[in-house]
Every structure is written in structure tokens, then in C-alpha cells.
There are 2 protein chains.
Amino acid sequence: MTNLIAGLRAEGRRLTRPRKAILDVLEKSKYPLSAADVHARLKREQVAVDLVTVYRTLAVLKKLGLIAQVELGEGQFRYESRHGREHHHHIRCRGCGRIADLMLCPLKKLTALVERETRFTVEEHSLEFFGWCPKCQ
Amino acid sequence: MTNLIAGLRAEGRRLTRPRKAILDVLEKSKYPLSAADVHARLKREQVAVDLVTVYRTLAVLKKLGLIAQVELGEGQFRYESRHGREHHHHIRCRGCGRIADLMLCPLKKLTALVERETRFTVEEHSLEFFGWCPKCQ
DNA sequence: CTCTTAATTGCAACTTGTTTGCATTTACCA
DNA sequence: TGGTAAATGCAAACAAGTTGCAATTAAGAG
Ligand SMILES: [Mn+2]
Ligand SMILES: [Mn+2]
Ligand SMILES: [Zn+2]
Ligand SMILES: [Zn+2]
């Protein structure tokens with residue numbers, strides 16, 4: 001939360017109820033949430049925030065580096081708090097959609113290799129697995 | 001093309017002009033194309049096919065395993081032919097959108113590790129890099 | 001604490017990517 | 001050469017995300 005205040009101030013932005021509430025929802029979640037998910041949880045908590053504001057806030061929090069955008073082949077984005085969490089990846093069940101964290105990232109060496117081969121500068125990568133969770137097998 | 005005929009027949013489906021043309025467009029492309037890209041190229045080649053048919057055909061070709069669906073953080077799907085190409089991944093430039101193939105996949109061992117840790121059965125994975133191409137750096 | 005003002009919000013409308021319903025057309029086999 | 005189920009085109013619907021604008025509000029100045 002202190003990161004939020006500092007980050008916002010540094011850009012001349014304001015600390016508002018929706019911003020606090022949305023970051024809070026993401027910090028409490030054990031898996032990444034879509035904008036619609038966030039909106040639904042806010043409603044459940046009696047916090048009246050428009051879905052448009054959720055989208056705009058997610059963009060702000062992402063720019064501040066407080067949340068990460070995750071894509072799991074669903075045709076939509078998900079977001080998760082980065083607070084106190086290492087860079088990591090996910091696995092998603094093809095049956096029930098369950099998402100689990102993978103606390104690993106073996107790609108440091110590979111990134112260097114890619115940069116040498118392609119002459120691109122690598123800024124980010126995404127590594128996701130898809131399969132069947134124990135219940136759905 | 002012989003794969004297409006065999007695959008379609010095996011499911012009681014038919015070989016049609018749109019299906020041939022769409023697979024052909026994908027086989028000629030050096031990078032993965034969106035449905036709209038495919039549609040535009042068909043038009044350029046005087047092949048009149050509705051965009052809806054492109055979407056439906058991409059779904060069929062994907063189910064037959066002839067093409068792969070690729071996601072590069074754009075909010076849309078791309079598709080590429082699998083004919084004669086190894087399983088591989090991509091790098092996409094944040095500046096101009098240029099996409100290059102990465103002919104590597106160092107994830108066999110990792111997959112086994114993930115399966116052991118999570119108890120999921122891994123069926124597929126996605127590994128993509130994002131950065132800046134030589135022209136955009 | 002009150003005032004001022006630019007940042008933020010909500011609402012409606014819009015855009016883009018993708019899917020669905022249905023009547024018409026067509027590939028394929030008897 | 002039909003008969004028939006599969007495939008197509010067109011219009012409409014849907015879903016995620018974005019934009020314009022008037023109303024609201026956080027926060028610094030006094
Ligand atoms: Mn996670
Ligand atoms: Mn490729
Ligand atoms: Zn990683
Ligand atoms: Zn791979």
C-alpha cells in the first residue's frame with residue numbers, strides 16, 4: 001500500500017478508494033484475476049466501482065509495476081499482485097480452469113541465448129503450461 | 001495438403017476451396033497470422049471467403065493438428081502452419097510488432113518437474129519473449 | 001479549514017475479436 | 001445423377017476492452 005502511494009505521487013496521480021480497493025482485491029487473491037473478476041469481488045465487498053474504472057486502474061497499477069498481466073490462452077488478460085511475490089509462471093487446467101503458481105523460472109540463460117541469436121533486446125517473457133489438474137484427469 | 005485430406009476424411013468432413021486456400025495462406029507465411037490477416041490475404045488472392053468461414057476453418061485446422069494457435073500478448077490469437085516445422089516459440093518486438101521464430105524449446109525436463117510438483121498432467125506449454133528488434137532499439 | 005483545479009470517475013457509446021442462428025449452397029457417396 | 005449432411009455467407013449477437021464527456025473529488029495553496 002505504501003508502494004501505491006509513493007508510485008502514484010511520483011506521477012502526480014491521486015490515491016483513491018477504487019485504487020486501494022482494487023489493489024487490495026488482487027493482493028488477497030491466490031491466483032490472477034480478470035477485470036470482470038475484480039469487479040465482481042468489489043461488488044461482493046460492497047465497494048461500488050464501475051468496470052471501466054477497474055480497467056483504467058489495472059492499467060495504472062501495471063504501469064506502476066505493482067501488478068503483473070498474465071495471459072493463459074483464454075482470450076482475456078488476468079492480473080496479479082507482485083507484492084512480495086517472485087517472478088513466476090502458471091499452469092492452467094484444461095478441464096476446470098484451475099490455475100496454480102509455478103514458483104520457478106529457468107530462463108536467465110535462455111534469454112541471453114535468444115538475445116544473441118535474434119539481436120532483439122529481451123524485456124520480458126511468458127511461460128505458461130496447460131494440462132489437467134488432479135481432479136480433472 | 002495430403003494431411004488435410006486424410007484428417008478431414010477421418011472425421012467425416014469435406015475438402016473445400018476455403019479450407020485449401022486458408023491452409024495454403026498459412027503455409028506460405030513466415031510468421032503466425034491472425035484471422036483478419038488470413039482474410040486479407042485471401043482477398044488479395046481473389047479468393048472470396050467470409051471472415052466467419054476463416055474463423056470456423058481455423059478451428060477445424062487446429063483440431064486436426066495442422067496449425068498451432070499462438071498468443072503474443074496482443075489480445076488476439078494468431079495461427080501458424082505446423083507443416084514441416086518443429087515445435088517452437090516466438091519473440092515479438094514491442095516497437096514494430098515484428099515476430100521472429102525461436103527454433104528452440106528447452107522444456108522437456110522442466111515439464112516433468114512441473115508434473116511432479118503440481119500433480120497436473122501437462123499437455124502443452126507456451127513460451128514467448130517480448131522485446132525490441134534491432135531496428136527499434 | 002476552505003477554495004481551486006486538475007485528476008478521477010461513471011455512464012453511454014463505441015471498437016475489435018470472436019461466435020451463433022439460420023437459410024442457402026455444395027462436396028461426396030450411393 | 002441425385003440425396004443429404006456438411007459447409008458457407010450474411011446478419012446479428014456476444015465479450016473484452018476503450019473512448020468521450022460531463023459530474024465528482026483528492027489534494028495542494030492560502
Ligand atoms: Mn501467480
Ligand atoms: Mn513460428
Ligand atoms: Zn520467467
Ligand atoms: Zn516449447
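Throughout, protein chains are lettered first and strands after them, A, B, ... in sequence-line order, and every chain is numbered starting at 1. The figures that follow rest on heavy atoms only: side chains count, while hydrogens, waters and symmetry mates do not.
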Just checking B/Arg82: does its CZ atom have more than 12 heavy atoms from other residues, nucleotides or ligands closer to it than 6.0 angstrom?
no
Going only through I, L, V, M, F, W and Y residues with side-chain contacts under 4.5 Å, is there a path from A/Leu102 to A/Phe130?
no
Touch check for B/Arg13, heavy atoms < 4.0 angstrom, all strands: base, sugar-phosphate only, or nothing?
sugar-phosphate
Does atom CZ of B/Arg119 have more than 12 heavy-atom neighbours from other groups under 6.0 Å away?
no
Using a cut-off of less than 4.0 Å, is there contact between a side-chain N or O of B/Tyr55 and OP1 or OP2 of C/dT19?
no
Which is true for A/Leu15 with a 4.0 Å heavy-atom rule: it touches a base, it touches only sugar-phosphate, or it touches nothing?
sugar-phosphate
If you assign B/Thr16 and A/Leu8 each to the DNA chain C nucleotide with the nearest heavy atom, which residue ends up on the more 5' nucleotide?
A/Leu8
Distance check: side-chain N/O of B/Arg14 vs OP1/OP2 of C/dT26, anything under 4.0 Å?
no
Heavy atoms under 4.0 Å, any strand shown: does B/Arg56 hit a base, just sugar-phosphate, or nothing?
base
Starting from C1' on C/dT18, measure out to CD on A/Gln76 and report it in whole angstrom.
14 Å
Report the distance from atom CD of A/Glu74 to atom C1' of C/dG17, rounded to the nearest whole Å.
16 Å
Whole Å only: how far is the CD atom of B/Glu11 from the P atom of C/dA27?
19 Å
Which sits closer to the 5' end of DNA chain C, B/Leu51 or A/Val49, going by the nucleotide each is nearest to?
A/Val49
B/Ala48 near the nucleic acid: base, sugar-phosphate alone, or nothing, with a heavy-atom cut-off under 4.0 Å?
sugar-phosphate
Got more than 12 heavy atoms from elsewhere within 6.0 Å of NZ, B/Lys28?
yes
With respect to the side chain of B/Thr53, which nucleotide from D/dT8, C/dG17, C/dT9 is positioned closest?
D/dT8
